[in-house]
Every structure is written in structure tokens, then in C-alpha cells.
Novice: 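Dropping a structure here in C-alpha cells format, bear with me for questions.
The residues of the chain are indexed from 1 along the displayed sequence.
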Amino acid sequence: MAGPQPFDRLSRGASRSSRNTPIPAIAQLTPELKASMRILIVDDERTLRESCASVLQYEGYQVSLCSRGEEGKDLLTRTAFDIVLLDLYMGDVSGMVLLRACLEAHPGTIVVMITGNPSLETSLEALRAGAWDYLPKPFSATHLSILVGRAAHAVMVARETHAMHTTFAREHGGSNDLVRVLGTAPGFRRAVELAERVAPTDASVFITGESGSGKELIAQFIHSHSRRSSRSLVAVNCAALPESLLETEMFGHVKGAFTGAIRDKPGLLEAANGGTLLLDELVEMPKSIQAKLLRVIQDGVVRRVGSENTDAVVNVRFIAATNRNPEDAVEQQVLREDLYYRLRVVPIHVPPLRERPSDIPLLADFFLTRYWARHRGATTPLPRFSEGAVRALRARPWKGNVRELQNVVEHMVVLLEPGAEIVAEDIPAMGNRQVDRPVEEVKAWTPTPVSADEPYFTLRDRMLAEFELQYLTQLLTQAGGNMSRAARVAGVDRTTLYRWMERLGLDRRVLTGAEPLSAGGNGTGNGNGSEPES
């Protein structure tokens, strides 16, 4: 087997090594996490099989190899792998047989089909049978690395979600439904109860609510409690793509439909066949595509871009979501009225976080546990929110809703000390805006003139003490007494900052607008390095 090194191209019967081809890093995939990922490659082509293994082992994954279909089938049914790269065409056993055997034994496994003949029919068949994605030959090392990185990220999220479900089930009377556990305010409860009632049906649902309020979470809840839960929930962000790209992503295209269309490609509507399609930010969809989508909703017929024929008939459940008022959009002729009422069979409104303050402590604890395990490790002592921090969280307007709270907690997790008590000053300012006094209002440090009459070490120690005093005074004044922010600017932890303050006799309570204190002054520090009262 070739040594673990990156390479440029992979194809049947040939590979080429190059140490100059970088393998892009995948966000949040630590070496420890990669080392925990179990990957199986099943391919009867030795060169390709070992080349793929070389790249993935170079990145730190656990990789096993299998060259025969029968052997692979036995291995897949006996052993649970996180990710499987599976050749669609092998001599003794079809890759589709192995795919079904793998997912029947281990439904959580991510399977990527490798094929040298990526026809539309076989690709769709693999996706409908449960394949996560497919990889057409020839492909580059970078393509392989990115695809496996995405799959590994999905495995990581699934692990975290399972751990959170288990933890919350233990702490909340056996309930493992995070939507029910993390939303107890009356307005959110009404949204969840309505979602629960509509989930078993095939009725279209229209979810409204501010950005970050949890609309996608409600959509996932509906899908997971529906009879389509064994099929895919496919999401498309209608605001994120230009019109031409959105059309081909949703409806697919035929070979030659436009420059670069080198093969037929199914769209998201076909990928969601038998499952659910989430149309996020529907109001932003161009009206020309709205008309084409309406035809699919009415007749279930998909015509790909560049085709003159009916290319597929689909059975999809539609969930639409928007952060705007859809009735205003209809009145402004931005959203087609007939499309709106087709999709608005059951409307659900998700209230903003500021209208459900009782949910904030639950959500904050949930995100703290989740991100602490991800960034700091499950065995590291978990910080806890103080009563003051909880009050501060509840008092915040949360214009970004749950998403903003999630980001704020993750920000704190990266900077907090293990086992620390989280105080109000640890919470980042809104929008990362600082309310500090301008720098020019703080007295700059002016060193004492050097005198050759003093011994070198005496003069050095005195000037260093003056510098530390002036620096800390200016630092804490600019931070408005916020110890966490001051520690981040200084590049030290809060404990070190407290030790410096105690040694120099500084108290943050007298620093707002105060003149610099004198070194070794009146000893205004509290003497124990603890947070003074606000």
C-alpha cells in the first residue's frame, strides 16, 4: 500500500502523487475527532482503493479496506462504521445490495457511492435507497477530502445530538425530544403542539418567525414525527442562491442545458421524493420559479432545466418558512397568492426569544453543555451560570433570537476557565459592540525620566511597576470593568488578571473615570481575587 500522502487525481487504474496539493481543513474536526472516525472503503480496484486510503489516513482517519463484495457485505452487517465509501459496480455483488445491507444493519452509517458511470437513474436509485451522496470518477484528492470532511462533520453533529438527547432524557423525566424540553413558554408550546398535530398528515405547512427563532427546528420536528421520517428532509435556502442557480438546484438540468452541464443532474425536488422539502425564506424566491414550483405542487411533475419532457413525477411534502410577513409579500406582489395559499394549509408562528424569557436558561444550559463537550472535552469540568448571568441573559433583547444565544454561548465556551462560575461580565456585548470609554479619555502612560543616580535593577523594577500599573488601569478602564473582556485584550486568563490587580492594589470598581492609582497604594483590591459585587 502506498504511504500516506496527498495526491492530485483519482481514476480507475491510475493515480498520481503530489506533496504540493493541500488537503483543506474541515472546520471543527480536531485530530482526536478524526482519529475516532471509522471509515470503510469497498472497491475492487486496488489502485483506487489504496489511493483513497492513503489520503484519508494522511488526514488522520481510521481506514479499513475491502476488495470483494461478499466480504464487504459480511463486514458491513457485523461491524458499525461511521462512513463507508462503496463502489457501485463490482464483479461479484452489486453496490446497491451492499448499500441496503449496510443501512439495514446500521441505519446511522453515512454511505457515499463511488461510480465510474454516474447515470441519472443509478444515482437517484442510490440516493432513494439511503446513500448520503455519490462521488463520480475521476475525482481529485481535494474533492474526496472535502466530501469525507462533510460526512465526518455530520457524524460529529449526530454524536452530539445523541449525547444531548440522552442527557436531557436523564434530566427531564425520560423525555428525549429536545423541542419539547427546550421550549416551555406558552407561545412556543402552542407552535410545538400544532406541529405535533399536523406532523402525521401530508398537509403543507407555512412557518413564520424572525430569523434565528427556530423555524427549521420546527420543520425538522414535523418531518421526524411524520410517516415520511425514513426518507430525507431536503432544505433549500431560496435567498442564498441567484435565480439561475436556484432553478437548476431545485429542478435539476439535462446534459447541454447550459455551459458546464456535462451530464444530467437531478434536482432537490427529486432528491426529496417520498420525503419533505423545506423551502426556507420562500418569499425571496423569484416569481418565475414560483410559477414553476406551483406546477410541481399541483401535479407532482418535474421538468428539468433544458428539457422539453416530463422528467420525473415526485411525491413530496412541502414546508415553507419565512422571516417576513407573507401576507404583506402577497399584497406587494412579491409572493404569488396562489402559491401562498397552496403552501399555507397549516400556518405555524414561532415566537421570538424575547417573548419567551423562561426558555433562555434552558437553552443556554443546553448550548453550554453541547459546545463545551465539542471544544473543551466531555471530561473537563463544565462551567455554570450564576444567577446574575441568568438575569443578564433574560434581560437581553436577543434580536438574533436563539441563533444569537447559541453564538454567544459558544463564544463564552472558548474563553472560559474549566469549572468557572459564569458571571454577567462574561457575556459578550451585543453585536460585539463595546461601551468602553474612548481611548483618548484614558491617561496614557508616561515613563518616569531615567536617572543614572539609581542602581540599574532598582530603576528597572520601579519603571516596570509603573508600567504595569498604568497598563492595567487603562486596560480595565477601557473595558468598563469587564474582567473577561480585559483578560481577552491582555491575552491572559482572568485568574492572572486578578493576581496582578491584587499585587498592585487595584480595584475595578473605582476605575471607571478614575485617575490612575499609585503603585503599592491604599490596597483597594479585595485581597482574594474574587469578583467584587456590581
Side-chain angles (χ1 to χ4, degrees), residues 164 167-168 171-173 175 177-193 208-218 221 323 348-376 381-417 419-436 479-488 494 508-509 512 530-534:
M164 292 300 100
T167 301
F168 273 75
E171 296 179 357
H172 295 83
S175 173
D177 198 323
L178 292 181
V179 173
R180 293 190 180 95
V181 171
L182 297 177
T184 59
F188 190 76
R189 288 298 312 149
R190 284 193 293 272
V192 173
E193 289 167 2
T208 57
E210 295 180 7
S211 293
S213 58
K215 298 187 296 296
E216 187 169 351
L217 186 67
I218 294 293
F221 177 86
N323 61 6
I348 296 178
H349 179 70
V350 182
L353 189 57
R354 62 182 173 275
E355 294 180 6
R356 36 186 288 226
S358 61
D359 290 343
I360 292 174
L362 288 171
L363 289 163
D365 279 335
F366 170 74
F367 292 133
L368 177 66
T369 304
R370 176 175 188 172
Y371 288 119
W372 190 263
R374 175 182 294 184
H375 294 294
R376 312 298 288 273
L382 182 70
R384 294 293 180 188
F385 288 101
S386 67
E387 292 184 5
V390 172
R391 286 195 299 270
L393 289 172
R394 292 184 61 147
R396 190 160 169 163
W398 298 111
K399 295 181 179 180
N401 294 294
V402 178
R403 188 178 296 122
E404 181 186 356
L405 174 61
Q406 179 178 347
N407 292 340
V408 163
V409 173
E410 185 173 15
H411 173 94
M412 290 190 291
V413 160
V414 174
L415 301 173
L416 286 168
E417 294 297 317
E421 182 182 53
I422 304 171
V423 296
E425 288 80 2
D426 291 321
I427 302 171
M430 290 179 57
N432 205 28
R433 296 190 301 270
Q434 296 188 359
V435 293
D436 312 330
N482 186 314
M483 297 296 291
S484 296
R485 188 184 306 156
R488 287 195 296 272
R494 291 197 308 167
R508 66 175 182 166
R509 290 174 294 186
T512 303
S530 62
E531 289 271 10
E533 295 178 3
S534 302

Novice: I'd like to check E355 versus E210 (side-chain heavy atoms, cut-off strictly below 4.5 Å). Are they in contact?
Specialist: no
Novice: To the closest 0.5 Å, what do you measure between CZ (R356) and OG (S358)?
Specialist: 8.0 Å
Novice: Please report the closest heavy-atom contact between A185 and D359, naming both atoms and the distance.
Specialist: N-OD1, 3.1 Å
Novice: Checking N401 side chain against P352 main chain: does a donor-acceptor pair fall under 3.5 Å?
Specialist: no
Novice: With rounding to the nearest 0.5 Å, note down the distance linking CG in L217 to CZ in F188.
Specialist: 5.5 Å
Novice: Determine whether M412 and F385 make a side-chain contact, defined as any pair of heavy atoms from C-beta on separated by less than 4.5 Å.
Specialist: yes
Novice: I want to check something: taking the side chain as every heavy atom from C-beta on, are I422 and L368 in contact at a cut-off of under 4.5 Å?
Specialist: yes
Novice: Where do F221 and V192 come nearest, in terms of heavy atoms and distance?
Specialist: CE2-O, 3.9 Å
Novice: At their closest point, which heavy atom of G187 faces which heavy atom of P351, and how far apart are they?
Specialist: C-CG, 3.7 Å
Novice: Can you tell me how far the CZ atom of R396 sits from the CZ atom of R354, to the nearest 0.5 Å?
Specialist: 13.5 Å
Novice: Could you point out which residue of R370, R374, H375 forms a side chain to side chain donor-acceptor pair (under 3.5 Å) with E410?
Specialist: H375
Novice: Taking all non-hydrogen atoms of both residues, which atom of W372 and which atom of L416 are closest, and how far apart?
Specialist: CH2-O, 4.0 Å
Novice: Nearest 0.5 Å, please: how far is OG in S386 from CD in E425?
Specialist: 8.5 Å
Novice: Can you give me the closest heavy-atom contact between G209 and K215, atom names plus distance?
Specialist: O-NZ, 3.2 Å
Novice: With heavy-atom distances below 4.5 Å as the criterion, would you say the side chains of V409 and F366 are in contact?
Specialist: no
Novice: To the nearest 0.5 Å, what is the distance between CZ on R394 and CG on L353?
Specialist: 10.5 Å
Novice: Identify the residue among R376, H411, Q406 that makes a side chain to side chain donor-acceptor pair (under 3.5 Å) with Y371.
Specialist: Q406
Novice: Has W398 got a side-chain atom pairing as donor or acceptor with L393's backbone, closer than 3.5 angstrom?
Specialist: yes
Novice: Report yes if the side chains of F367 and V408 come closer than 4.5 Å at any heavy-atom pair, otherwise no.
Specialist: no
Novice: Kindly give the heavy-atom pair with the smallest separation between A392 and I427, and that separation in Å.
Specialist: CB-CD1, 3.7 Å
